[in-house]
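Notes follow once the structure below has been shown.
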Protein chains: 2
Amino acid sequence: MIILYLEFHKNLGRDKRVKIIRINMKDLTVSEDQSLKYNGLGGRALTSKVIHDEVPPTCHPLGSFNKLVFANGVLTGSGASSADRYSIGAKSPLTGGIKESNAGGISGLKLGRLGISSLIFEGVRDDFKIIHISKESITFDDATPILGKELSEAADWLRDRYGKHIAVWLIGVAGEQKMNLAAIAGQDKEGLPTRFNGRGGLGAVAGSKGIKAIVLDDAGVEKNKPKDREKFREAMKTYHKWLMETPGTAKVFPELGTAGLVKTTNALGALPTRNFSTGSFELYENITGEKLRETILERGGEGNPTHACMPGCIIRCSNVYVNKAGKLVTSPLEYENIGLLGSNLGIGELDAIAELNRLCNEYGVDTIETGAAIGVLMSQGVLSFGDVEGAINAVKEIKAGSPLGRIIGGGAEIVGKLYGAYRVPTVKGQSMPAYDPRAIKGLGVTYATSPMGADHTAGQTIRAQIDHHSAEGQVKASKDAQETVTIFDSLGMCYFSGGAIQGRFDLIADLITAYIGQKVTAEYLKETALETLKLEHQFNRRAGFTKAHDRLPEYFYTEMNEASKTVFDVPQEELELIGVEGNGR
Amino acid sequence: MIILYLEFHKNLGRDKRVKIIRINMKDLTVSEDQSLKYNGLGGRALTSKVIHDEVPPTCHPLGSFNKLVFANGVLTGSGASSADRYSIGAKSPLTGGIKESNAGGISGLKLGRLGISSLIFEGVRDDFKIIHISKESITFDDATPILGKELSEAADWLRDRYGKHIAVWLIGVAGEQKMNLAAIAGQDKEGLPTRFNGRGGLGAVAGSKGIKAIVLDDAGVEKNKPKDREKFREAMKTYHKWLMETPGTAKVFPELGTAGLVKTTNALGALPTRNFSTGSFELYENITGEKLRETILERGGEGNPTHACMPGCIIRCSNVYVNKAGKLVTSPLEYENIGLLGSNLGIGELDAIAELNRLCNEYGVDTIETGAAIGVLMSQGVLSFGDVEGAINAVKEIKAGSPLGRIIGGGAEIVGKLYGAYRVPTVKGQSMPAYDPRAIKGLGVTYATSPMGADHTAGQTIRAQIDHHSAEGQVKASKDAQETVTIFDSLGMCYFSGGAIQGRFDLIADLITAYIGQKVTAEYLKETALETLKLEHQFNRRAGFTKAHDRLPEYFYTEMNEASKTVFDVPQEELELIGVEGNGR
């Protein structure tokens, strides 16, 4: 065990807004970043700025020039509802472009308690380490005992070893094998390692750097306090009031979770069905949010239809799914899991979807990418649509690292290339989440133009007041959503609170001002978001992306979605205005 | 059997320089191109112009917008030595960019005898056809009887069915499965289907269009005659005299074939060894051209150390490799096969390499891509370097279409992505041929900047009078070679005659003028080549390539080739001058 006593623990105050620790995994050295260049930035704004400024855009994503950046949102740990999120960024092995993926749970919160805003990992190594971060030191332990284990077992082991109070980040067998669909898991407030920075293969980047787990040990650390408690309490009161008064955040999400969307998207013809070949599923009633709630309530036991992944979250969109005996199967079962591991595979049983989801979580893989990859395999006849056992066995191959497991681990785009598939629902190498872009065209615009590849969280338009089947207004809807969510992603806020905030970023600015004791305005938040998007596109341009990449797969333009009776027809030249070569930024 | 009587057979004269037949594979219709826009073009100049003008650069390579273009060189069938080559072009499923790959043998020659300069295949279909082209008609027969067969067996079946006088183009099991490394085979003058348009997955494009085989049936067709026989004979005499007087073409190639290069590249440190980790191989003496010749001569029987793939070729670089009983194993065993299937896999036995080569030929795959893919698998420990049986079994998986076979069938770049490999010797998704670019830096420039991806035939610099280990002068050497070879590729000439011609394209222009009866100048040939390169780069730009793609994999810049004691250090800004965004064109 190497122990490195740090300078940084002497300086745990909150007088600087950003405290960055650099960890070189090659020689296991630690240093505090002394520059002030990243001050004032959090979450995605920080990860993307670091990647833009420090990572050569053409570098190998698994080589020593890439960096892996963890960054708390500005409000993470403040106590505001739905605001404990953190971002992880890197050059993505899946897309070849910049990547930011954020998640909730309590791992970011614990990092914040340790007085750290951001961890920047550099260098690569072949063996795996557990990085233990406490008030006093950062130490590197051998990770061999937890290699190859399922995530829940590894997390238990870590708690046994380091104490029940810790939070962790860790990768699973997929990350160890440096697979494109490998995620990084954080933990929820109950200790389950089920909050995922799922997209873009960040787990593979962690794997390349030998990061098996990061233990956040906040023993003896005081709770964060806002600089101006009075003003902070006031602003928070208003914010929470809004959340409580908004039907989506106060009622729909807590009751049905994100799975409430199944009915909506099925009706719109946007529920991906059988490898995105159509947008409604004849068995959709078996997999709705209503059915999910009913099942969990019926079964009782450890089940919970409404669960907060972060302490104090009002929205509580998460859940705990149980088997007939009331025992935990998986948490959470979300809309994207249901869409990609369910209807997209022709599977209409919640228990089967839950088992697939459990395996994905235990192996540390992106459920969206996994579901899309298996969907393409099914479309090519390697498996059959609706074959639950086949799908489960296929996912298990990921753990085994067999050739088929490696193929799935490469993601849907590579599956398509290996099996000569024409219909492959990816953009920039990343699989589409559970919305057919022919039926929710604003999301099609987001998929095509986001620097992240196909990603609903990069610019969700489903709640825009707009005809989702029409081409009109979609570019504006997507652009607005992309810009707004970039603000959320930088603050550590869940974008589900967007419906309550309704663009009132002045309130959020007041919250931050009171929290950090430095004046922040709504304009600053917006400008930072625009600048972040600009840097991300710039990185991608330098990495080799052009407007040729700002498009959907061919078949979405030429083959009608029979459920929505639409093709994707937003004019390409409009897309390009907000894409990688666009002047819209 | 559908018989389509054609207009074109009424017009078999040679009064137009280019006769193009379009075949729509979706509805099995045939038409003659009546436009004159492609007149004056042959080979690569023609395929690249058609792809540039008619194929949307962002289309799916296996979809209906892609086209597959066969085009004879201008001199194909003229009787000039080493000039019966033809090109095949398409958007490549391997690189995503434009692709031209050319080969010798007699298939192009037979197409020319039928009065056809070019075949343009359009549309896609799911079943497979044999396209029979005769003087009278083009007919489509069911290909089921030869699906899944090895190429030699399929070719025998086709000769049994259509007559011994035919020539064929066909795809193997890899093309049927639309694999990225699938080639298209033509036949040599003895009837073996062993002349490959190997690179870039053209066999997969043929597969997507349902083209299993093209039968060129020249029964009853007269031999081509030059327009001006006297002048043609005269120009040809000079040309052949030069070939006979040049040591490379008159002595080295006929004696040792391309395998003569093994000694040279091993000495330079350029012989790819164990996944391009170094450039000299301790067992190289077992796999030299000298050893190859000695082995073939010793064994006698069907063996032949010097073989002409095209009738009348003076260079005769091909060979026929036999087993100890003197029975045919494979033909030809070339330098690239030896480098990629031999030293690159740590294999130093000609018999083992010959067996690997035989399997590649029988399955219809690119030996370079296959060897590189297995090299990456070996580097990741999936197989061991030097494991002959393991390598043979791995290649057999291609035929089986098992997950491992599909992985190899995807090519080295995808293997690298699936196994988290850092050292993957590809550019633009295509594997490097058998020259380490750190030791022959001009080829490194060609790999990085050619519109074709890593390809030695796109600009071979090994014979340039230059220090191959130095960065100096490499960009000019590569640029010159890329431009010159584009002339050869358009004329149907083998670039091995380049050493004899030494830039005297005025003579070649005289040959063409006498052959076609229209004045052609050396300037026209050069301008056409420059224009062709320009169109290719333009297509690639529109397909999404930028200068970010004009580079070698990271490790060639950072890790020394211990055999040459060099890294690749040609300045990036110099490369970019002749790459996709370059102004050098």
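Convention: sequence-line order gives letters A, B, ...; per-chain numbering from 1. Both backbone and side-chain heavy atoms feed into the values below; hydrogens, waters and symmetry mates do not.
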From A/Lys547 NZ over to B/Arg542 CZ, what is the distance, rounded to the nearest 0.5 angstrom?
9.5 Å
Check whether B/Tyr419 gets within reach of chain A through its side chain, its backbone, both or neither, counting any heavy atom under 4.5 Å.
both
At a 4.5 Å cut-off on heavy atoms, which part of A/Ala204 comes close to chain B: side chain, backbone, both, or neither?
neither
Looking at CG of A/Asn180 and CG of B/Leu418, how far apart are the two atoms once the value is rounded to the nearest 0.5 Å?
7.5 Å
Gap between atom NZ of A/Lys178 and atom OH of B/Tyr422 - 0.5 Å precision:
12.5 Å
Need one label for A/Tyr555: side chain, backbone, both or neither, based on atoms under 4.5 Å from any heavy atom in chain B.
neither
With only heavy atoms counted, which part of A/Thr558 is less than 4.5 Å from chain B, the side chain, the backbone, both or neither?
side chain
Among B/Gly201, B/Cys59, B/Pro93, the residue with the most heavy-atom pairs under 4.5 Å to chain A is B/Cys59
Minimum-distance pair of heavy atoms, taken over all atoms of A/Pro403 and B/Pro403
CB-CB, 3.7 Å
Taking all atoms of both residues into account, what is the closest heavy-atom pair of A/Glu554 and B/His60, and its distance?
OE1-N, 2.5 Å
From B/Ile407 CD1 over to A/Arg406 CZ, what is the distance, rounded to the nearest 0.5 angstrom?
8.5 Å
Rounded to the nearest 0.5 Å, what's the gap from OG1 on B/Thr546 to CZ on A/Phe545? Could you check?
10.0 Å
